Amino acid sequence: MAEYHPQELDKKWQAHWANTQAFEVTEDPSKPKFYCLEMFAYPSGHAHVGHVRNYIIGDVVARLKRLQGFNVLHPFGWDAFGLPAENAAIKSGIDPETSTLGNIAHMKGQLQRLGISYAWGRELATCLPEYYRWNQWLFTRMFEKGLAYRRRSTVNWCPVDQTVLANEQVVDGACWRCGTKVEQKDLEQWFFRITAYADDLLHAAEGLSKWPEKVLTMQRNWIGRSEGARVKFPIQGRDGSIEVFTTRIDTIFGATFVMLAPEHALVSVLAKESADEKGFLEQAQRYRGQDRAGRLTGEVAKEGFFTGRFAINPFTNQPVPIWVANYVLGEYGTGAVMAVPAHDERDLDFARKYDLPIVQVVRDDDVLFNSGAYSGLTADAARAAITEAAEERGIGEAKVQFRLKDWGISRQRYWGTPIPMIHCPVDGVVPVPDDQLPVTLPKITEFTGRGDSPLASVPEFVNVTCPKCGGPARRETDTMDTFVDSSWYFYRFADAHNDQMPFDPKKVAYWCPVDFYSGGVEHAILHLIYSRFFARVFHDLGMIEHTEPFTHLLTQGMVLKDGHVMSKSKGNVVDPDTMIEKFGSDALRLYVMFVAPPEKEVEWTDTGLEGSFRFLARVWRVANQWQADAVDLRHVTIDQGALTAAERSMRRKTHDTIRRVTADIDVRQQMNTAVSAMMELVNELYLFTDKGERSSQASLVAREAIEALMVMLSPFAPHTAEELWQMYGHSEGLAKASWPVFDAAVAKAEELEIPVQVNGKLRARVVVAPDIADAELEKIALADPNVQAHTAGKTIKKVVIAKGRLVSVVVA
RNA sequence: GCGGGAGUGGCGGAAUUGGCAGACGCGCUAGCCUCAGGAGCUAGUCCGGGCAACCGGGUGGAGGUUCGAGUCCUCUCUUCCGCACCA
């Protein structure tokens, strides 16, 4: 018998798949399509088993769907722009392109050594002009539609990375990459108007039935819709008013003061009118500094100061003091709020601290008092009535407020997509004409990591002529957030080499949306919301029909080592190549799928991997034992009537396993139990092999089991399965194989073991025919000696029979 | 504080959705085979009692519904994750 040498099988079959381009596909309307995608990779250099788990999960699904007759698109690519490559350039002088392409080459090798069935012909890297020119093309379309716009805004500035960060990239007041405390800075920035789709993104999320509830909840919170009203409070003794946003307009009779965020536009105006402008502004500036950094670490107390001015509460007509408060957010609502200390805990804290008036206007039973004409109304009714009154008086309106803000995409960095815009002193902002795209990144020889965008230091890049007037103009020197790259790459895979358009709508119409998308939960908000946004943009450009890009989302759990996330700095990284050298890629693949359901976090164990290797070796040996006297199943049918009891039992196990594995993989998506079902089949096969006769019938029965096993195992352990499949005479390979068919008649039990309970306690098991009548079953159950022992001398009150499952006897 | 999960042997996890709790694997124990074994095979492995048949207990805790609860309901504890002064 041949020894099991998985490493040789890896080499042999990986070469075969590459030579035959086994996983390349084209649109074929005669076949149902399946688009299986794993989140593409940032080319950090080395993939560890945590990363690789995701690709294995996707590959199992892709290979399974192929066996089920689907035309499967399973591509891979590289999210290749980003800070680390540029930081490496600053540190060691290595050109970002060189290091990135080198990392891609290495990681691609790692994935190929795992036997992941990618259509490598569609591979893309976002740092190549063939790809990023379409970022620029799309940016121009969005500019034309008003979805990309420029404004001066306060941005999060990382003093170490010397760049602007999106709000989403600020974690606990610090830079998401380097952990430095983020500062505030005013800059001209490009934004994408994602807020135009806020309501739709929120509501459409309800229809994403195959997304994890957790992700949908996170997106809902992120979009943060709240219904309320805007109301104007006139400023006493001068023109103008303060507009506030509130969800509790019913409490407006209890609004005893008004607060401004420190960055509110009125702050500097009121400062000028105050006795101590300098002190006023310094105080406000101090609050702004506290803002993100301090607030999010939770240690900043509520603080504020009186501006010296009053506003008029438009419903009580009383003057209310205007304060500046550090806990009012400039970026939310109008940046000003009415304070109702009696009915808001935060306002109450503040009012107590500064001794401001507290007026109750809503009783515990939610009915208003002290509220003029609205007294006696319920809070709900009052909200509607007061909003309506405000509208009639022209001082307010109902307003839906979102937490979601427009997406700032400008980055003052080199290693990203150049924004295709030109600033002309005559014509203003002018897009680079489509036929001049791509605007390619110039080579830079020295990376300092200081100051403005590195591109600003390349005169040949910056100095251009205006496309409109032909006069001298200046090119935009910011690059795009890398999240732009990853927001539509899944469409590019459908038509990866198109040099006329981002993609042919017909090809995307065939392949998209993505049927199965898997990746880390860390992308639950940013990547997945931006992608949903881009799908809507493409939809509104008339390029795609659908609006939701991912039908089914799986968020895979992390792989821990010694209780921690794997990381180079912790030194707890498990390298897939080392494991493959020891046990072969199939054992690694199988282990990763067997250890736990894919969403769960798991702890890596070497012994678990060894167990999976042992299982594959067992499969190998038992298949080899039956290989010599194998008969070709394709030309012989099994005569069920001629089989021995042991043979019938073996077949029953085979078909029951087919049923379980099919349901586990396809319906329940529990790969781990699918594997354990196959392990049970192999255990049974060993008993059959050791104890049974070696008749030609036995041979057929064993072969049926083994061949079904090979096919079912092939998504998990494709190299071993291919080799065995070939050994069994299938020269055409598993690509031509089809999923085994479950035969209910063969799987049907000949007898059943039915548990019998007396007063809820298990007392016996009786063996009966599967189609036994209830009355007969009851008789047999009651006749069982142990049941007799527990019912003797007692009255049988009731007997419950659960068909084919259980008999429950109640006695008193 | 708000929201979403999760609590089952020594460990990872099963339990076909209200019907035999602990499948499968890891680990461990004993035996066989072996010059040897990080190989292979066989048996055992929830806890307590018993040679055994069997008996009692058991899914974080307390109640409840039911002939029957890991699963459903109420309360509670622990823990992980996300958001967090959003007016």
Side-chain angles (χ1 to χ4, degrees), chain A residues 172 212-222 224-226 228 244-249 251 255 259 261 291 295-296 298 300-302 325-329 331-334 336-340 343-347 349-350 401-403 521-522 524-525 582 590-591 594-597 599-612 614-615 617-618 621 656 659-660 663-664 667-668 670 672-683 686 690 753-765 785-786 789 797-811:
Chain A
D172 290 341
E213 195 50 47
K214 176 188 173 132
V215 172
L216 293 174
T217 304
M218 285 165 75
Q219 293 211 349
R220 260 181 234 120
N221 291 344
W222 191 258
R225 183 181 197 273
S226 54
V244 303
F245 173 73
T246 178
T247 54
R248 292 296 308 274
I249 197 169
T251 64
M259 297 177 294
D291 208 62
R295 184 174 71 233
L296 294 172
V300 174
K302 289 182 180 53
N326 66 345
Y327 71 97
V328 177
L329 305 171
E331 71 263 28
Y332 185 75
T334 60
V337 296
M338 62 179 211
V340 186
H343 303 290
D344 184 291
E345 250 179 75
R346 298 156 298 178
D347 297 346
D349 283 354
F350 195 83
Q401 185 67 45
F402 291 95
R403 211 192 75 121
V521 72
E522 66 272 19
I525 297 177
K582 272 180 150 170
L590 190 74
Y591 167 65
F594 175 62
V595 66
E599 309 80 20
K600 278 206 79 147
E601 195 168 87
V602 292
E603 172 73 26
W604 174 267
T605 60
D606 288 351
T607 52
L609 176 60
E610 285 170 35
S612 292
R614 276 202 288 275
F615 169 70
R618 266 164 78 76
R621 284 197 305 273
D656 197 47
R659 181 186 60 80
R660 285 172 62 190
D664 282 354
V667 184
R668 307 199 310 158
Q670 294 229 125
N672 54 330
T673 52
V675 175
S676 63
M678 289 189 272
M679 287 172 166
E680 284 185 51
L681 177 63
V682 172
N683 290 345
Y686 265 77
D690 291 347
E753 199 187 58
I754 307 280
V756 184
Q757 294 182 347
V758 179
N759 282 357
K761 286 194 192 305
L762 178 68
R763 294 304 179 189
R765 295 181 178 88
N786 206 40
K797 288 176 66 182
K798 191 164 152 189
V799 179
V800 181
I801 294 179
K803 261 259 177 283
R805 288 192 183 275
L806 167 135
V807 177
S808 182
V809 182
V810 189
V811 297

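All figures in this text were calculated on a predicted structure; none of them were measured in a lab. Throughout, protein chains are lettered first and strands after them, A, B, ... in sequence-line order, and every chain is numbered starting at 1.
Ranking B:rU16, B:rG12, B:rA87 by closeness to the A:Ser226 side chain, first place goes to B:rA87. Looking at the side chain of A:Pro597, the nearest of the listed nucleotides B:rG13, B:rC24, B:rU17 is B:rG13. Listed nucleotides: B:rA15, B:rA87, B:rG19. Nearest to the side chain of A:Leu806: B:rG19. The A:Val595 side chain lies nearest to B:rG12 when the options are B:rG12, B:rG19, B:rA14. For A:Tyr332, the listed nucleotide lying nearest its side chain is B:rA87; candidates were B:rC24, B:rA87, B:rA14. In the set B:rG4, B:rG12, B:rC67, the nucleotide with an atom closest to the side chain of A:Ser808 is B:rC67. With B:rA15, B:rG25, B:rA23 as the candidates, the nucleotide lying closest to the side chain of A:Phe594 is B:rG25. In this structure, the nucleotide among B:rG19, B:rG82, B:rG25 sitting nearest to the side chain of A:Met218 is B:rG82. For A:Asn672, counting side-chain heavy atoms from C-beta on, the closest listed nucleotide (B:rG13, B:rG12, B:rC67) is B:rG13. Of the candidates B:rC20, B:rA23, B:rG13, B:rA23 carries the atom nearest the A:Ser676 side chain, counting heavy atoms from C-beta on.
Using a 4.0 Å heavy-atom cutoff across all strands shown, A:Gln757 reaches at least one base atom of the nucleic acid. When heavy atoms are screened at a 4.0 angstrom cut-off, A:Val810 is found touching the sugar-phosphate backbone but no base atom. No engagement by A:Thr605 is indicated, since no non-hydrogen atom pair under 4.0 Å with the nucleic acid exists. Nucleic acid contact class of A:Lys302 (heavy atoms, under 4.0 Å, all strands): base. If you check every strand for non-hydrogen atoms under 4.0 Å, A:Glu753 touches a base. Counting non-hydrogen atoms under 4.0 angstrom, A:Gln401 reaches nothing in the nucleic acid. A:Asn683 comes within 4.0 angstrom of the backbone, heavy atoms only, and of no base. Note on A:Gly611: only backbone sugar-phosphate atoms sit closer than 4.0 angstrom, heavy atoms only; bases stay farther off.
Annotation: of the two residues near RNA chain B, A:Arg660 and A:Phe245, the 5′-most nearest-nucleotide partner is A:Arg660. Of the residues near RNA chain B, A:Arg765 and A:Asp664, the one whose nearest nucleotide (by heavy atom distance) lies more toward the 5' end is A:Asp664.
A salt bridge links A:Glu213 and A:Arg220; the closest N-O separation between the charged side-chain nitrogens and carboxylate oxygens is under 4.0 Å. Between A:Glu610 and A:Lys582 there is no salt bridge, since none of the side-chain N atoms of the basic residue sits less than 4.0 Å from a carboxylate O of the acidic one.
When both pairing distances are held under 3.5 Å, B:rU45 makes a Watson-Crick or G-U pair with B:rG27. Using Watson-Crick or G-U wobble geometry with both donor-acceptor distances under 3.5 Å, B:rA6 finds its partner in B:rU78. With both pairing distances under 3.5 Å, B:rC83 is matched to B:rG1 as a Watson-Crick or G-U wobble pair.
At the phosphate of B:rA84, neither OP1 nor OP2 sits under 4.0 Å from any side-chain N or O atom of A:Asn221. Between B:rA84 and A:Arg403, a contact under 4.0 Å exists linking OP1 or OP2 to a side-chain N or O. Distances shorter than 4.0 Å separate none of the side-chain N or O atoms of A:Lys214 from OP1 or OP2 on B:rC81. Between B:rC67 and A:Lys798, a contact under 4.0 Å exists linking OP1 or OP2 to a side-chain N or O.
Counting all heavy atoms, side chain and backbone alike, A:Gln219 lies closest to A:Ile525 at NE2-O, 4.1 Å. Nearest approach of A:Tyr686 to A:Arg618, heavy atoms of both residues: OH-O, 2.8 Å. Closest non-hydrogen pair, A:Leu329 versus A:Ala261, comes out as C-CB, 3.8 Å.
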Scoring nucleotides 37-65 of chain B by protein non-hydrogen atoms under 4.0 Å (B base, S sugar-phosphate only, - none) yields --SSS------------SSSS--------
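A cation-pi arrangement is absent between A:Arg403 and A:Tyr332 under the rule of less than 6.0 angstrom and at most 45 degrees off the ring axis. Annotation: cation-pi geometry satisfied between A:Lys302 and A:Tyr327 (NZ/CZ under 6.0 angstrom from ring centroid, within 45° of ring axis).
The glycosidic torsion of B:rG9 lies within 90° of 0, which places this base in the syn conformation.
For the P atoms, the distance linking B:rG25 with B:rC41 amounts to 11 Å, nearest Å. Between B:rC80 and B:rC26, the two P atoms lie 31 Å apart (nearest whole Å).
Checked against the 6.0 Å centroid criterion, the rings of A:Trp222 and A:Phe402 do not qualify as a close aromatic pair.
From A:Thr334, atom OG1 reaches atom CZ of A:Phe245 across 9.0 Å, with rounding to the nearest 0.5 Å.
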